[in-house]
Amino acid sequence: MITPTHYMLLSAALFMIGVIGVMVRRNIIIIFMSIELILNAVNINLVAFSAQLHHQIGQVFAIFVIAVAAAEAAVGLGIILSFYRNKETVNIDEMNLMRW
Amino acid sequence: MIDRFVIPLVKIAIVLNATLVAVTYMVLLERKVIAWAQSRLGPMRVGPYGILQPVADAVKLMIKEDITPVRADKWVFTAAPIISMVPALIVYAVIPFGPTVTMFGHPVPLYITDINVGLLYVVSVASVGVYGIILAGWASNSKYPLLASLRASAQLISYEVAVTLTLVSVIMMAGTLSMVGIVNAQYNQHIWYVFAQPVAFVLVLIGGLAETNRAPFDLPEAEQELTGGFHTEYSGMRFALFFLAEYANMIVVSSVVTTLFLGGWLPPFPNTAVFHVLYYIPSWMWFFLKSFAFLYLFIWIRATLPRYRYDQLMRLGWKVLIPLAIVNLVITGLVKVVLL
Amino acid sequence: MGQAIAFYTLAAFILGFAIMVVSTRNTVHSVLFLVLNFLFVAALYVLLGADFLAVIQVLVYAGGIVVLYLFVVMLVNLKRAPEAHEDPHRRTTLGFGLGVAVLLELGVIGAYTSTQVPAPVAANAAMPMAGNTEQVGWLLYTSYLIPFEIASMLLLVAMIGAIVLAKREL
């Protein structure tokens, strides 16, 4: 019997992998992909509860999450491209222009 | 047991095999039709009138040497042809070839499955097919394939927007995403959607030509500029997979257009008493006739029209097709609200 | 039983591909594992009865967003790997430490709650539709119309922003 707990554990594990990716990797594209993993972990939770409660609200929220993820990917990759054009790097440690 | 496992598996086997045979014979048909268009004979040596030419081609491709370039990314290079072939085949899971018929005492639907999100499934699976092209170009580690694959994927993504937007107006007409539901809606509304949505039909036709990289939109494999397109570095069976995928995609486009606009398995003037005599032709015959007409149209266009330039192609996609699709969508919505 | 097998298989693939995404050196391979991960998440949605969302996941994520990533990875033609650069201020161990902490927490949650089955709550909204797509669409265009419009505005703004950012000269 698969309960929402199973889905929550899966989602938490996926979330954790995403967080480790964000913390450990330095390639900003990989960091962006880790953020996508985190958003997916959230979606799994929403959909699992939507199935448990027999109500589609969870899926509606998941659709909003996907829309936000699309917007984030478009703007974020635009920033990466213009940054790469100026500095020839995608290393997040070298992106310290605004640091004081 | 029989209804749940045996019949679907048999249907899947039949559809897969029929598709692969159809694809190989599509190649022969194309060579023959283009030859006739140019007052030639086409392949005549293998078998009577060259009927066994696909067999000879298959044997040739299978025994050819399979070359992987030294600097290529081995895994991705191997996976790319498979990635481009699989989406073309799994689309057939939702295409209805006919209604439910009774065979040997079992009710057998002439489609593999009818899912609630059928049309969206077709669109999404088609959108995954772009990976095969991008990865083939990237993994070859060679400049012409990379250029061609960037062209092909940009073209695919641009025209996908237009086609998907156009399909929304068909979905509005039918009020369902299920492929069987769309055919039934045409039955209930007594009209093929080609007459109700002529603009959408033309847009989907142009978009379909562009998405399958067919002439006049075959820029990704423009021989004069790019040697052979994104599969320049491929040989033997892997090249054959790309080749088959292109023709399988053509068959997919013609089947989908038939289902959405030409009433799928329905005869002309569906559900009208006067033309009831047309129902004596079996439903699947109508489907195959209409799909075949489309495939012929594809070949005919290739034999007739010259190739577009790349900037013209992009201008057509973004500045003509997408605005037209949006206008068509708005008008469909308005008409539907006013009339119903 | 069948559901359990399907769940564990899908979960194994999802987590495995996620680990490959964050651990692979080659960025293009990483993007490919991300696609596979999204496809298996879509399969999980099918298992949960969310057909529409599953197809949207494939269409938007696998067919749209990740293609964008792939394009950017190919455009950003790296001469030296970003990982070669060492920064002493980088807190890599903190990342793994956090990971271990979450793992422990997960273990505790799993140990305490996996035996209890929460009762399914039938919060049944009176929806005049049958079928997953129709119900999701109904909710989107009635109760959640304003968030839906805001999301579309967000997408429009993001589209313009991306064009402005990525274009060399306007």
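Residue numbers begin at 1 in each chain, while the letters A, B, ... track the order of the sequences. Values in this document were obtained by computation on a predicted structure and should not be read as measured data.
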Closest approach of [X] and [Y], non-hydrogen atoms and distance?
X	Y	value
C:Gln57	C:Ala42	CG-CB, 3.8 Å
B:Tyr111	B:Pro96	CB-CA, 3.6 Å
C:Ala62	C:Leu39	CB-CD2, 4.0 Å

Interatomic distance, [X] atom [atom1] to [Y] atom [atom2] [nearest 0.5 angstrom]:
X	Y	atom1	atom2	value
C:Leu156	C:Ile160	CG	CD1	4.5 Å
B:Asn249	B:Thr212	CG	OG1	7.0 Å
C:Phe17	C:Phe40	CZ	CZ	5.0 Å
B:Arg214	B:Leu209	CZ	CG	8.0 Å
C:Tyr61	B:Ser124	OH	OG	15.5 Å
C:Tyr69	C:Leu34	OH	CG	7.5 Å

Looking at [X], I want to see if its [atom1] is surrounded by more than 12 non-hydrogen atoms of other residues, nucleotides or ligands under 6.0 Å.
X	atom1	result
B:Tyr144	OH	no
B:Lys336	NZ	yes
C:Phe7	CZ	yes
C:Ile146	CD1	no

By number, which residues in residues 70-93 of chain B have some heavy atom less than 4.5 Å away from chain C?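 Listed by number: B:Asp73, B:Val76.
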Contact listing (chain C partner; residues 315-335 of chain B; heavy atom under 4.5 Å):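 At a heavy-atom separation under 4.5 Å, chain C is reached by no residue of residues 315-335 of chain B.
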Part of C:Val60 within contact of chain B (heavy atom distance under 4.5 Å):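 Neither part.
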Do you know which of B:Ile157, B:Val117, B:Asn116 has the most heavy-atom pairs under 4.5 Å to chain C?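 When all of B:Ile157, B:Val117, B:Asn116 are compared, B:Asn116 has the most.
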Which atoms of B:Val123 are under 4.5 Å from chain C, going by heavy atoms: the side chain, the backbone, both sets, or neither?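 For B:Val123, the contact with chain C is made by backbone and side chain together.
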Sort by residue number and list every residue of residues 45-54 of chain C having at least one heavy atom under 4.5 Å from chain B.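 Within residues 45-54 of chain C, the residues that come under 4.5 Å of chain B (heavy atoms only) are C:Asp51, C:Phe52.
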For residues 175-184 of chain B, please give each side-chain donor-acceptor pair under 3.5 Å, one per line with the distance, not counting sequence neighbours.
residue, atom, partner, partner atom, Å
B:Thr176, OG1, B:Ser178, N, 3.1
B:Ser178, OG, B:Asp114, OD1, 2.8
B:Ser178, OG, B:Val180, N, 3.4
B:Ser178, OG, B:Gly181, N, 2.9
B:Asn184, ND2, B:Val180, O, 3.4

